[in-house]
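Down below is the structure, laid out as structure tokens.
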Protein chains: 2
Amino acid sequence: MPDRPFTLVESLIELTRVLRAAFESRVEKHGLTYSRARLLTTIGRNEGASQAQLAALLGIETPTLKRLLDALEAQGLTERRPMPEDRRKHAIYLTEAARIEPLLGFRAEVDVALAHGIAPQDLAVTRRTLAQMALNAERLRQG
Amino acid sequence: MPDRPFTLVESLIELTRVLRAAFESRVEKHGLTYSRARLLTTIGRNEGASQAQLAALLGIETPTLKRLLDALEAQGLTERRPMPEDRRKHAIYLTEAARIEPLLGFRAEVDVALAHGIAPQDLAVTRRTLAQMALNAERLRQG
DNA sequence: CGCTGTTTATTAGCTAGCTAATGAATTGTC
DNA sequence: GACAATTCATTAGCTAGCTAATAAACAGCG
């Protein structure tokens with residue numbers, strides 16, 4: 001449906017939009033969104049990290065992270081604990097509720113579904129190409 | 001910086017974010033954003049189209065389009081004209097100001113910069129892979 | 001003609017990204 | 001030890017996507 005002919009940028013943005021919608025239709029029954037699920041799994045693999053560390057791991061800014069974390073905390077899935085050695089920081093942990101919920105496998109599942117019908121070597125090429133484009137975009141930003 | 005190992009979904013989302021930032025740093029001196037520039041060029045190639053038609057061309061929803069269009073109109077770049085044959089619709093046109101501004105070439109320029117250092121056959125593979133992934137995502141959404 | 005259903009644009013309200021600015025706590029320097 | 005600079009989390013406010021609900025206009029059908 002989108003404006004043709006596609007440029008690469010167009011198809012990227014289009015795909016991201018469809019992707020997000022697909023993912024969210026999968027996890028919404030758990031009260032999650034794509035971004036929150038991503039944060040949740042990242043916390044699970046890095047328990048005790050500070051908010052700044054989590055934001056860096058996710059590649060987002062700290063105000064964005066704060067909003068996502070507030071939502072997870074309101075759902076009772078995570079908690080902030082004080083850090084005695086630095087009273088500015090919070091150490092972020094999963095609660096028991098988060099461990100019980102079958103939430104952590106979703107992302108891998110989506111990745112598998114997404115790669116369906118694509119040759120492994122094509123996936124490798126795509127991965128490499130996307131990485132190069134990210135570099136080009138970074139350069140474009142400065143230059 | 002982001003959470004590794006990258007899944008494909010991760011790198012896609014990451015790239016889209018960097019891309020948008022790169023583009024916006026390029027067009028911000030004209031008071032535009034990526035989305036507005038995209039709408040502007042689409043209007044230029046489809047003058048007289050209705051809002052619903054433009055939204056379909058861009059692959060976005062009509063409320064999203066409305067907000068973007070309001071912004072362009074406030075900048076004096078586009079205008080809504082009544083359609084006598086259907087008083088619900090508006091025909092969208094560029095103003096003379098939009099024609100004078102060198103705004104319409106930006107997207108192609110970004111696409112060229114993005115493809116720098118990537119072999120043509122790799123670009124072709126990537127294009128094909130992204131299209132297949134969009135199909136897979138669509139199926140995931142329903143199933 | 002009248003009524004029913006559909007389409008168009010709009011409004012309202014949600015998520016999620018960003019930057020800028022702020023206050024509290026820590027670190028570094030003289 | 002005191003002051004300056006930095007870091008951490010937060011707040012405020014911007015853009016841009018979405019869905020749901022609404023009013024106005026149109027289309028079709030009895």
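Here is the naming used below: chain letters follow the sequence lines, and residue numbers restart at 1 for every chain.
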Completion exercise
Ranking D/dG17, C/dT19, D/dT15 by distance to the side chain of B/Thr33, first place goes to D/dT15
Exercise for the section: Using only heavy-atom distances, decide whether a donor-acceptor pair under 3.5 angstrom links the side-chain of A/Arg20 to the base of D/dG17. Expected result: no
Exercise for the section: May I ask you to evaluate whether A/Gln51 reaches the phosphate of D/dT7, defined as a side-chain N or O under 4.0 Å from OP1 or OP2? Expected result: no
Problem - B/Asp86 side chain, from C-beta outward: closest of D/dC8, C/dT10, D/dC26 - result: D/dC26
Exercise for the section: Could you tell me the separation between the CG atom of B/Leu69 and the C1' atom of D/dA16, rounded to a whole number of Å? Expected result: 15 Å
Handout entry: Residue-phosphate contact under 4.0 Å: A/Ser35 side-chain N/O, C/dG17 OP1/OP2
Key = yes
Exercise for the section: For A/Lys66, report the nucleic acid contact type (base, sugar-phosphate, nothing); a contact means any heavy atom under 4.0 Å. Expected result: base
Fill in the blank from the handout: Residues A/Ala97 and A/Gly76: closest non-hydrogen pair is CB-O, 3.8 Å
Practice task
Give the minimum heavy-atom separation between B/Val18 and A/Glu138, together with the two atoms involved.
Solution key: CG1-OE1, 3.7 Å
Practice task
Please determine if a side-chain N or O atom of A/Arg80 lies less than 4.0 Å away from the OP1 or OP2 oxygen of D/dT10.
Solution key: yes
Exercise for the section: Figure out the CG/P separation between A/Leu54 and D/dC8, and round it to whole Å. Expected result: 12 Å
Exercise for the section: Under 4.0 Å between any heavy atoms, over every strand shown, what does A/Leu65 touch: base, sugar-phosphate, or nothing? Just pick one. Expected result: nothing
Practice task
Starting at OG of B/Ser35, measure out to CD1 of B/Ile60 and round the result to the nearest 0.5 Å.
Solution key: 7.5 Å
Practice task
Answer with base, sugar-phosphate or nothing: what part of the nucleic acid does A/Arg36 contact at a heavy-atom distance below 4.0 Å?
Solution key: sugar-phosphate
Practice task
Would you kindly compare A/Pro84 and A/Glu61 by the position of their nearest DNA chain C nucleotide and give the one closer to the 5′ end?
Solution key: A/Glu61
Practice task
Note down the inter-axis angle between the two ends of the helix from C/dC1-D/dG30 to C/dC30-D/dG1, five pairs each, to the nearest 10°.
Solution key: 0°
Problem - Nucleotide C/dT8, atom P - distance to CD1 of B/Ile92 in whole Å - result: 13 Å
Practice task
Return no unless some side-chain N or O of B/Arg88 is found under 4.0 Å from OP1 or OP2 of C/dA9.
Solution key: no
Problem - Nucleotide nearest A/Thr64 (side chain, heavy atoms from C-beta), chosen from D/dC18, C/dC18, C/dT8 - result: C/dC18
Practice task
Let me know the distance between CD1 of A/Ile13 and C1' of C/dG17, rounded to the nearest Å.
Solution key: 13 Å
Practice task
Mind calculating the distance between CZ (B/Arg67) and C1' (C/dA9) to the nearest angstrom?
Solution key: 14 Å
Handout entry: Partners passing side chain to side chain contact (heavy atoms under 4.5 Å, CB included) against B/Thr129 (at least two apart in sequence or in another chain)
Key = A/Ile118, A/Asp122, A/Leu123, A/Thr126, B/Val125, B/Met133
Practice task
Give the minimum heavy-atom separation between A/Ala115 and B/Asn136, together with the two atoms involved.
Solution key: C-ND2, 4.0 Å
Practice task
Specify the residue among A/Glu24 and A/Arg87 whose closest nucleotide of DNA chain C lies further upstream toward the 5′ end.
Solution key: A/Glu24
Practice task
Could you check B/Leu68 against A/His90 and say which one's nearest nucleotide on DNA chain D is further toward the 5' end?
Solution key: A/His90
Practice task
Check whether any side-chain heavy atom of B/Gln75 sits under 4.5 Å from a side-chain heavy atom of B/Leu32, and report yes or no.
Solution key: yes
Exercise for the section: May I ask you to say what A/Thr62 touches in the nucleic acid, namely base, sugar-phosphate or nothing, with a heavy-atom cut-off under 4.0 Å? Expected result: base
Exercise for the section: Side-chain contact test, heavy atoms from C-beta onward, threshold under 4.5 Å: evaluate it for B/Thr16 versus A/Leu15 and give yes or no. Expected result: no
Exercise for the section: Find the distance B/Leu72:CG to D/dT15:C1' and express it as a whole number of Å. Expected result: 13 Å
Handout entry: B/Arg99 side chain to B/Leu94 backbone, donor-acceptor under 3.5 Å
Key = yes
